[in-house]
S.K.: 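Would you mind keeping the following structure in view while I ask a few things?
Remember, it's a predicted structure, so these values are computed and weren't measured experimentally.
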Amino acid sequence: MKSLDAEALCRQLADQLRPHVTPATALVGIYTGGLWLAERLHAELGIAQPLGAIDVSFYRDDYGSKGLHASPQKTAIPFNVDGAHVILVDDVLYTGRTTRAALNELFDFGRPGVVELAVLVDRGSRELPVAARYCAHTLSEALPREQNLELQRDDAGQFTLKLTERA
Amino acid sequence: MRHPQLNQHGELQHLLTLDGLPRDILTAILDTAAPFTEVAEREVKKLPLLRGKSVFNLFFENSTRTRTTFEIAAKRLSADVVNLNINTSSAAKGESLLDTVDNLCAMQADMFVVRHAASGAPMLIAQHLHNTGRDHIRVVNAGDGRHAHPTQGLLDMYTIRHFKQDFSNLTVAIVGDVLHSRVARSQIAALTTLGVPEVRVIGPRTLLPTAVDKLGVRVFHDMREGLKGVDVVMMLRLQNERMNGALLPTPQEYYKIWGLTAEKLALAKPDAIVMHPGPMNRGVEIDSAVADGAQAVILPQVTFGIAVRMAVMSMLGSH
């Protein structure tokens, strides 16, 4: 995989989103990388609705086998979900299971009008019928299972994409 | 020997006592409880973690608050909850505790929440489950005799952390009938494990265990002396139902010496919080003006209790 410029991809994603943002549009970031990205987009696009955050720990489908994720964070949806135009934001789209969990959680707050998905990178290997409407980069070849791709943020707030081997 | 409530990986398998529970597990439970507090504000107050699991509330002793909050916690985690009112069940007809457990296991129980007048009953059940090859079934102690009430101790720690942020510079006083109190034992274990530098125990000699100072606490027999400069006042209920013989004068006299009044509370720090595990005896261990006053956090304790019990059950419920 050639190295990816996370900052450039973030600008591209903002450009894709800009024409579709209305005063009613709300962003919800998925912990942790997706929330960093959503914070950036929220400021850059001048989103009027307050930013939402979802931690999918309580909705994961591997809880039975893997147990509860360590130190889950508070989910916060500070706007009225009923009828809302919601864009879920995540750093990397992979199996689609995180998106499924986030959708289930979102619907426990109300019935949104439209939900869309925005991601920085699509790494392939989908296991559920999930697609991102906004995606800055799709890998030409799916990453192998033993590799992990995630967004990192340094102390200055700069984004990088980090590829690691799974332990 | 490993702690019987931990599995071979050092993870929590049952919750039986806070005594000897490692600090990182205690802290992990408190950290996990925090996001559960938010669920109560949702339109759908339910999470799918224990979907399809059966939780049996096995209460051999009366309880309103604990049984109800365990039930709410299990239901908010989507478990099926069965409440057994033992007074009207087979135990009243002579069935043994372990026969009751075996029968409920035959009904595919996944978790037992146990309250019993005998210290060690939840441990006995956990050992029985292990000896009969049923390690997948979890046991949560909801109060056994004078021994332990771990989820009460945990929700008290959650409450202290919520209002005081940090344990490392606190002075905490536990006041009243420590002798009969499983709550006090769990509180002392948790406070010392979490690094509270000074834990005080305040009460009459007849209501303090003989070697209470061995638990690492400072003992006071003068309430005014003991309350000076404390950050947290944890009141205990006077447990008349557990007393045999004349340990006490009249409730009125007890109130005069050991009841928490505004005048006595003024000796604590101005921002001290007042806690009580409930049920309260107003006018015995606590004055109504204090119980309903600005420093009381007694009702937040109840609300936090739900989140803490959700955290415990969800940490036990997987594997």
S.K.: What are the two closest non-hydrogen atoms of A:Phe109 and B:Glu38, and how far apart are they?
M.R.: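 The answer is CZ-OE2, 3.3 Å.
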S.K.: So does A:Lys74 pair up with B:Glu41, basic N to acidic O under 4.0 Å?
M.R.: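 B:Glu41 and A:Lys74: not salt-bridged.
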S.K.: So what's closer than 4.5 Å to chain A heavy atoms on B:Thr37: side chain, backbone, both or neither?
M.R.: side chain
S.K.: Should we say atom CD of A:Glu141 is surrounded by more than 12 heavy atoms from elsewhere, each under 6.0 Å from it?
M.R.: no
S.K.: Considering residues, nucleotides and ligands other than B:Arg51, do more than 12 of their heavy atoms fall under 6.0 Å from its CZ?
M.R.: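 No, not enclosed.
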S.K.: For atom NE2 of A:His69, is the number of surrounding heavy atoms from other residues, nucleotides or ligands below 6.0 Å larger than 12?
M.R.: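 Not more than 12 within 6.0 Å, no.
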S.K.: Is it the case that the side chain of A:Tyr63 and the backbone of B:Ser314 share a donor-acceptor pair, with hydrogens and angles ignored and the cut-off at 3.5 Å?
M.R.: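 At least one qualifying donor-acceptor pair exists.
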S.K.: Could you tell me which portion of A:Asp61 (side chain, backbone, both or neither) has an atom closer than 4.5 angstrom to a non-hydrogen atom of chain B?
M.R.: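 Neither part, no heavy atoms under 4.5 Å.
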S.K.: Is the NZ atom of A:Lys162 crowded by more than 12 outside heavy atoms at less than 6.0 Å?
M.R.: no
S.K.: Let's test your reading of the structure: which of B:Thr32, B:Leu49, B:Leu50 forms the most heavy-atom pairs below 4.5 Å with chain A?
M.R.: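 Between B:Thr32, B:Leu49, B:Leu50, the count favours B:Leu49.
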S.K.: Let me see the working for A:Asp82 and B:Glu43 under side chain to side chain contact (heavy atoms under 4.5 Å, CB included), right down to the final yes or no.
M.R.: CA-CA 11 Å; A:Asp82 286 318; B:Glu43 187 169 307; 4.0 Å; yes
S.K.: Decide yes or no for A:Ile77 and B:Arg42: does some side-chain heavy atom of the first lie under 4.5 Å from some side-chain heavy atom of the second?
M.R.: no
S.K.: Of all heavy-atom pairs between A:Phe58 and B:Leu47, which one has the smallest distance, and what is that distance?
M.R.: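 The answer is CD1-CD1, 3.5 Å.
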S.K.: Have a look at B:Pro35 and tell me which of A:Ser57, A:Pro72, A:Ser71 forms a side chain to side chain contact (heavy atoms under 4.5 Å, CB included) with it.
M.R.: A:Pro72
S.K.: Should we say atom CZ of A:Arg60 is surrounded by more than 12 heavy atoms from elsewhere, each under 6.0 Å from it?
M.R.: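 No, because the 6.0 Å sphere around CZ of A:Arg60 holds 12 heavy atoms or fewer from other groups.
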S.K.: A quick test of your reading: do over 12 heavy atoms of other residues, nucleotides or ligands sit less than 6.0 Å from CZ of B:Arg65?
M.R.: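 Yes, enclosed.
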S.K.: Using non-hydrogen atoms and a 4.5 Å limit, figure out which bit of B:Lys45 sits close to chain A: side chain, backbone, both or neither.
M.R.: neither
